[in-house]
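Data first, discussion second: the structure below is written as structure tokens.
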Amino acid sequence: MMAVPNCLRCLVRPSTTSITTSVIPQSQRIVPILAAPFSTTSSVQKAGMQPRKKAGIPGKGSLSRAQIGPNGHIRAGKKMQLGKFKKAKNIERGKAPAPGERKAFRKRVLLSNDNALPVTGLEELSAQGLLDASNVGRMVALPNELVDQLRAVEAFKPTQSWGMFRQPSVLLRKESVELAKKMTETAGRGETLKLVISGDKLVGKSMLLLQAISNAFLNNWIVFHVPEGQELTNASTDYAPIPDTKPTQYSQQAYGLRLLQALRKANASILAELRTVNPHPELVQHFPVGSSLLQLANAAREPDSAWPIFNAVWSELMVKGNGRPPILFSVDGLAHIMKMSEYRSPAFEIIHAHDLALVNHFVEFLAGNKKLPNGGAVIAATARSNAPRNPSMELMVGRREAELGYAEEKPVKEPYGKGYDERVEKALEKVDVLKLRSVSRTEARSLMEYWAASGLLRTAVDEKTVSEKWMIGGNGNLGEMERVSLLTMRY
Amino acid sequence: MPPSLGLRSAFRALTIRTRPILQTPLQTNTFTQARELTTDNTSAPPPNTPGQDGMPLPEGFTGSDKQEAQLSGAPGRQGSQDSLNQLALDQLQMVAYGLNPFNPVEVGHKYGLPDLPIPSKMHMKHRYDPVIVQMTKLLMRDGKLSKAQRDMAMILNYLRTSPTPKLNPARPLIPGSPPPEALPLDPVTYITCAVDSVAPLIRLRGYKGLAGGGKSLEVPYPIALRQRRRTAFQWILDAVEKKKSKGSGRGMFPNRVAEEIVAIVEGRSSLWDKRNLVHKMGTTNRANVAALAMRQRAKR
């Protein structure tokens, strides 16, 4: 085909065919050639165009081509990428999680694993069984009602491995029986047990506290449990100064409501039987003398009204006699409530944790300034992984440990040491200390047999295995033993 | 008559067939073994074992002279009835430890002597399953192996506590995999099944400019088992990176990896399509293998 561009140019519309077939010089073209014609495509042009590269073909793109993976991993045969320091566009898909949702997912506690084999022949934990010294080194299952109660007071922790077994069960160790005996005897005399549970990391302090709480529930005590001491002092719940207090104390209404809710969930049957003996004129609602304590506790619906009701419930529980049961008041994570809190006063000064009314309430009992009239126990467990440095607390607990024969030498105060706190030292002066130590091999064996029976430890449990796990688990540190035998890559 | 060339059968061997839907063989032995561990040991209080918690060791462990003499059975120097009883008790105790009291080699060793040759898993560097080791190294970032190991332990733990996977018959697992109900309690097999099932058999290699017009010639070539696993796990990590985590904290990355592994086994994962695509590309480009060989021969 001969092209006659000059004469035909004015007559013929430059169609797509002519563009591709004719050789119009670039300078003479009226309409520029578009890379992609917008409406129609002739078959000739289509054939002439290169096929579009398919995006995202694996194998082609990700294997042969050098690439940095989206996770930042450098693959072999990488080529230089220009513009790699440009910020990647962050395309948000879906809705963002609601506030607190991600934390709730992290903190959720699973108490059962349907894959684990049910362990037959386990006895259920009972009040009598906890006192029986012959039960030391035995696994016991927690009865269902007790599990509900423990759940209500948040005694189960997400870091404990409840979610691996069919049913929550605990190992009764020497200290658990000792503690249960101590609690029962002290409460029987109408006195208050003031105890701090100390010990190494992962040795089972929170688990022992859980057994103490179980003992309280099984003996129909009233239980107030603060699952994390830090929640009281790290400025995460609202607070307000209490009028007419000197030095000024601060109430934590939302947390008070939380404690009340846990109380009425866990102890409803006991509260329903107890009757008020005092009129409570300070409350908005009228509670005639003789109404049940459950009614009183149920009146707390909003954080705004919770604080007076919390006080009223406590004042009723502190009445001597009248069928009032003993009380267990416990805190996990003692170091957090023995320091300056994160709260600020109206003058923007840091508030001491002991000026928070709830903490103060606990510390008064722990120090022995106040007594539970119907007996009971005030127990605090120290934590090792999540604990701010607290020289005064460490000193006092260390001293008490030395006095009780757990250590050779009494620790002394550093002469130029900073950060000592007189209020803390005073509070912990007369406290009893239980230093939790590692388990014996007999106890370890019983626990490992339970693991094996659940199908989680897939070896024969003989002396050799027990010794091996006992030794590499920090000479019988239960948490470490669990780490090396259950939470490991080796099965 | 010339013998038939047998081309027909040769071509049949070349055809690519889809894999038959897997009839999972019932391998119940591992599962039943786990069940047999359910002994009644937990209901009875454990006995006080000598040699621990302050109790003295029986003489059978110390291998004293007296013991040797008695074991050798010299009738003339028999001790009193009591010592014989004690000896019998000690021997029983040794049986309880899993030792043979009449084996002179074992006397004097608390746990006997190890079996020779020492099994490979007893070696410090080979103590984990090879698949797990490889995956852990791929999980590792910035050389932090112990963090990767903790993540891997969490992944395995997630798999152990996840419910029995519901297999998709359209996405069969690799042949020889155990039944789904045996998977959760054996997380190493679980992860191996998942990774091996989506691992591609081939990789495409591009030869620059060989296809003409500056295009590269894509040539498929088979890859070894370790490479296949590596590719599959890289894909898993790529998929995980695009997922949003439900919670916060250090447990969420292993959580997402484990979710992806469960998704693979249940046939929900997009990695199956990815694998199929690679295989399809390999099939379409298989002629390039010969083309490449011809070119290389021509060059020589």
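Quantities reported herein were computed from a predicted structural model and do not represent experimental measurements. Note on naming: letters A, B, ... go to the chains in the order of the sequence lines (proteins, then strands), and numbering restarts at 1 for each one.
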Inset, instruction - Report yes if the side chains of B:Leu185 and A:Leu456 come closer than 4.5 Å at any heavy-atom pair, otherwise no. - result: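 Of all side-chain heavy-atom pairs linking A:Leu456 with B:Leu185, at least one is under 4.5 Å.
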
Inset, instruction - Can you tell which part of B:Thr136 gets under 4.5 Å to a heavy atom of chain A, answering side chain, backbone, both or neither? - result: side chain

Inset, instruction - Sort B:Met252 into side chain, backbone, both or neither according to what part of it lies under 4.5 angstrom from a heavy atom of chain A. - result: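 Side chain of B:Met252 only, per the 4.5 Å heavy-atom cut-off to chain A.
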
Legend entry - Residue that, paired with A:Met489, satisfies side chain to side chain contact (heavy atoms under 4.5 Å, CB included) out of B:Val133, B:Ile132, B:Asp151: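 So the option named by the test is B:Ile132.
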
Inset, instruction - Taking side-chain hydrogen bond (donor to acceptor under 3.5 Å, both in side chains) as the test, write out the residues that go with A:Thr159, two or more places apart. - result: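 Applying side-chain hydrogen bond (donor to acceptor under 3.5 Å, both in side chains) to A:Thr159 gives none.
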
Please give me the minimum heavy-atom distance between [X] and [Y], naming the atom from each residue.
| X | Y | answer |
| --- | --- | --- |
| A:Met164 | B:Arg160 | CE-NH2, 3.0 Å |
| A:Lys95 | B:Lys244 | O-NZ, 3.8 Å |
| B:Ala153 | A:Thr488 | CB-C, 4.0 Å |

Inset, instruction - Tell me, for A:Asp114 versus chain B, whether the close heavy atoms (under 4.5 Å) come from the side chain, the backbone, both or neither. - result: neither

Inset, instruction - Report yes or no: does A:Arg106 contribute a side-chain atom to a donor-acceptor pair with the main-chain N or O of B:Gly247 at less than 3.5 Å? - result: no

Legend entry - By salt bridge (Lys or Arg N to Asp or Glu O under 4.0 Å) - contacts of B:Lys243 (at least two apart):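 Scan of B:Lys243 (salt bridge (Lys or Arg N to Asp or Glu O under 4.0 Å), adjacent residues dropped) gives B:Glu260.
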
Inset, instruction - Count the heavy atoms belonging to other residues, nucleotides or ligands that lie under 6.0 Å from NZ of B:Lys147, then report whether that count exceeds 12. - result: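 Not more than 12 within 6.0 Å, no.
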
